[in-house]
Amino acid sequence: MLTLSALREQRDAVIAALAKRGLDAAETIDGILAADAERRATQTRLDGLLAESNAASRKIGELMRSGQREEAEAMKATVSGNKALEKELKDQLAALEGSVHEALCHLPNTPCDLVAAGKSAEDNVEVFRSGGVPTLAEGAVPHWDLASKYDLIDFDLGAKVTGAGFPFYKGKGAKLQRGLIRFFLERAEEAGYLEYIPPHMINEESGFGTGQLPDKEGQMYHMQDDNLFMIPTAEVPLTNIYRDTLLNAADLPIKLCGYTPCFRREAGSYGKDVRGLNRLHQFDKVEIVQIADPATSYAKLDEMVDHVKGLLDTLELPYRILRLCGGDMGFTSAMTYDFEVWSAAQERWLEVSSVSNFETYQANRLKCRFRGENGNELVHTLNGSALALPRIVAALLENHQGPDGIRIPEGLQAYVGFTSIH
RNA sequence: GGAGAGGUGGCAGAGUGGUAAUGCAGCAGCCUGCUAAGCUGUGACCGAGUAUCUUGGUCCCCGAGUUCGAAUCUCGGUCUCUCCGCCA
């Protein structure tokens with residue numbers, strides 16, 4: 001969430017930044033500032049009262065020890081007399097803190113300067129495009145047909161055993177998954193990311209820390225008996241490693257990665273968006289995360305973008321990079337680059353990675369700080385998919401299909417253990 | 001699932017009603033011709049003011065309660081550990 005100091009010191013700039021999301025936050029922010037001013041005034045009153053009571057209590061202790069019982073009894077009355085007002089002010093303070101916190105939680109992050117104003121995907125800015133779009137041979141088909149033709153993925157079986165959006169991968173389809181995961185992890189390791197295998201369920205605190213709660217509660221699978229949530233992305237457990245921590249500047253940047261399945265309810269999706277591998281309830285992903293010094297976090301974002309580019313180049317897939325506009329960015333992000341791969345047979349772009357800098361938005365929820373030169377400061381958090389499997393598999397099958405089967409790109413062959421699918 | 005023990009600063013660890021010892025680590029300063037040691041200082045968060053300083057409050061897992069005063073006593077919750085049971 002945004003920091004109160006940002007609202008206090010840069011009210012107009014925050015409102016202008018949020019306007020790029022199509023949000024008019026002036027009224028909300030002024031409400032927060034008013035409640036905060038009242039909160040501080042209330043605390044000043046309460047602190048004064050408590051100081052008085054504390055001093056009197058200490059004095060009573062001294063009087064009792066020196067045997068001046070009557071004087072002590074008289075002072076007890078003063079302390080007791082303060083109690084009612086103290087209780088009232090404490091309640092007021094808690095209520096004001098609660099309302100400020102609640103309002104802050106529902107304000108999205110401020111887009112950074114480079115981000116364009118805009119309402120939807122149409123306003124995103126293309127910043128890079130690799131090579132040319134391939135033309136496929138006569139008779140090229142979408143991946144769901146290839147998946148059944150070569151017996152790689154069984155969607156119907158998944159629907160029988162679990163439900164739509166939970167496919168089975170079989171034979172070379174399964175080996176392809178395993179090989180891609182290993183390829184992504186090893187490339188991350190070479191780039192200096194420490195690998196973790198995190199839990200696949202998270203608690204409420206962690207969901208709040210990275211911003212899935214309370215905003216996106218309905219998108220996560222919830223285990224009611226234990227109040228745990230299935231992870232929608234490894235971002236949640238990986239970033240929450242650093243919840244409630246105070247780091248040294250020398251520790252930064254921290255680079256971690258991990259492979260996990262991801263679980264998403266995807267309520268409200270329909271149509272061709274959900275056909276085949278395009279949108280699943282369970283999918284595999286390798287995530288990279290950085291905890292960075294604010295001074296260098298945008299350089300780290302560029303570094304992560306370059307990392308993902310390298311992966312797609314090795315996979316020989318045509319792609320473009322978009323810098324998302326204010327209205328299309330996630331709630332918690334300050335800047336996001338989306339990677340889209342061209343799906344030749346479907347003739348559409350498929351999002352395969354999202355790389356974001358959250359600046360202090362998550363850090364403020366996580367209470368993740370470091371000892372900086374000017375005292376303790378919030379860190380910047382960043383993360384990116386490197387990469388999400390299903391649409392990569394879709395694009396690999398579709399773009400590398402030929403009359404003799406599907407060609408595995410050379411750089412991937414060592415990881416999957418075969419050179420083609422036929 | 002049953003029984004028991006426990007949760008104190010970055011870490012270790014004392015503290016059974018009078019307002020958080022001590023050690024280690026980190027950081028800063030001082031000292032010192034030998035790769036180090038020694039000495040001194042240093043918790044987090046929220047406020048106020050005459051604002052590189054002064055000062056108040058909160059924080060001993062969380063929440064209530066008793067009390068002039070709670071890390072300490074009472075109740076509820078939560079998490080961890082040990083043993084037993086079940087079990088991959």
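Chain letters run A, B, ... following the sequence lines, proteins first and then strands; every chain starts at 1. Predicted model only: the values in this text are computed from it and were never measured.
Distances shorter than 4.0 Å separate none of the side-chain N or O atoms of A:R39 from OP1 or OP2 on B:C46.
Under the Watson-Crick and G-U wobble criteria, each requiring two contacts below 3.5 Å, nucleotide B:C68 is paired to B:G18. In this structure, B:A51 makes no Watson-Crick or G-U wobble pair, since no nucleotide meets both defining distances under 3.5 angstrom. Pair assignment for B:C30: B:G38, on the basis of Watson-Crick or G-U wobble contacts that are both within less than 3.5 Å. When both distances must be under 3.5 Å, the Watson-Crick or G-U wobble mate of B:A5 is B:U80. Across all strands shown, B:C86 forms no Watson-Crick or G-U wobble pair with both distances under 3.5 Å.
By the side-chain contact (heavy atoms from CB on, under 4.5 Å) test, A:K83 is found to be paired with no residue, residues two or more places apart in sequence or in another chain being considered. A:Y415 is linked by a ring-ring contact (aromatic ring centres under 6.0 Å, His included) to A:F183, counting only residues two or more places apart in sequence or in another chain. With sequence neighbours left out, the side-chain contact (heavy atoms from CB on, under 4.5 Å) criterion links A:F418 to A:K172, A:K175, A:I408, A:V416, A:I421. Checked against ring-ring contact (aromatic ring centres under 6.0 Å, His included), A:Y337 has no partners two or more places apart in sequence or in another chain.
Between B:G15 and B:A64, the distance separating the two P atoms is 28 Å to the nearest Å. B:C46 sits 27 Å from B:G41 when the P atoms are compared, rounded to a whole Å. Distance check on atom C1': B:G26 versus B:C79 gives 29 Å, rounded to whole Å. The P atoms of B:U78 and B:A71 are separated by 24 Å, rounded to the nearest whole Å. The same atom, P, is picked in B:C59 and in B:U72; the two are 11 Å apart, to the nearest Å. Taking the C1' atoms as reference points, B:C73 lies 16 Å from B:C60, given to the whole Å. Using atom P as the reference point in both B:G69 and B:A37, the two lie 49 Å apart (nearest Å). B:A3 and B:G77 have their P atoms separated by 13 Å, given to the nearest Å.
Between the CZ atom of A:R369 and the C1' atom of B:G10 there is a distance of 12 Å, rounded to whole Å. For A:K59 and B:U19, the NZ to P distance is 15 Å, given to the nearest whole Å. Summarising the geometry, the separation between CG on A:D226 and C1' on B:G1 is reported as 14 Å, rounded to the nearest angstrom. Per the geometry, CG belonging to A:L246 stands 14 Å off C1' belonging to B:C11, to the nearest Å. Going from atom CG of A:L93 over to atom C1' of B:C46 covers 9 Å, rounded to whole Å. Across the protein-nucleic acid pair, A:R371 atom CZ and B:G43 atom P stand 11 Å apart, rounded to whole Å. For the pair A:K367 NZ and B:G10 C1', the interatomic distance rounds to 18 Å; values are reported in whole Å. Separating the CZ atom of A:R243 from the P atom of B:A44 is a distance of 21 Å, rounded to the nearest angstrom.
Environment of CG in A:D113: sparse, with no more than 12 heavy atoms of neighbouring residues, nucleotides or ligands closer than 6.0 Å.
For residues 89-99 of chain A, the set of pairs meeting the side-chain hydrogen bond (donor to acceptor under 3.5 Å, both in side chains) definition, not counting sequence neighbours, comprises A:K87-A:D91.
Between A:D123 and A:K119 there is no salt bridge, since no side-chain nitrogen of the basic residue lies less than 4.0 Å from a carboxylate oxygen of the acidic one. Using a cutoff of 4.0 Å between basic side-chain nitrogens and carboxylate oxygens, A:R407 and A:E316 are scored as salt-bridged.
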Query - Base versus backbone protein contacts along nucleotides 51-75 of chain B [heavy-atom cut-off under 4.0 Å; B, S, -] - result: -----BSS--------BBS------

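In terms of position along RNA chain B, the nucleotide closest to A:N376 lies nearer the 5' end than the nucleotide closest to the other residue of the pair A:A41 and A:N376.
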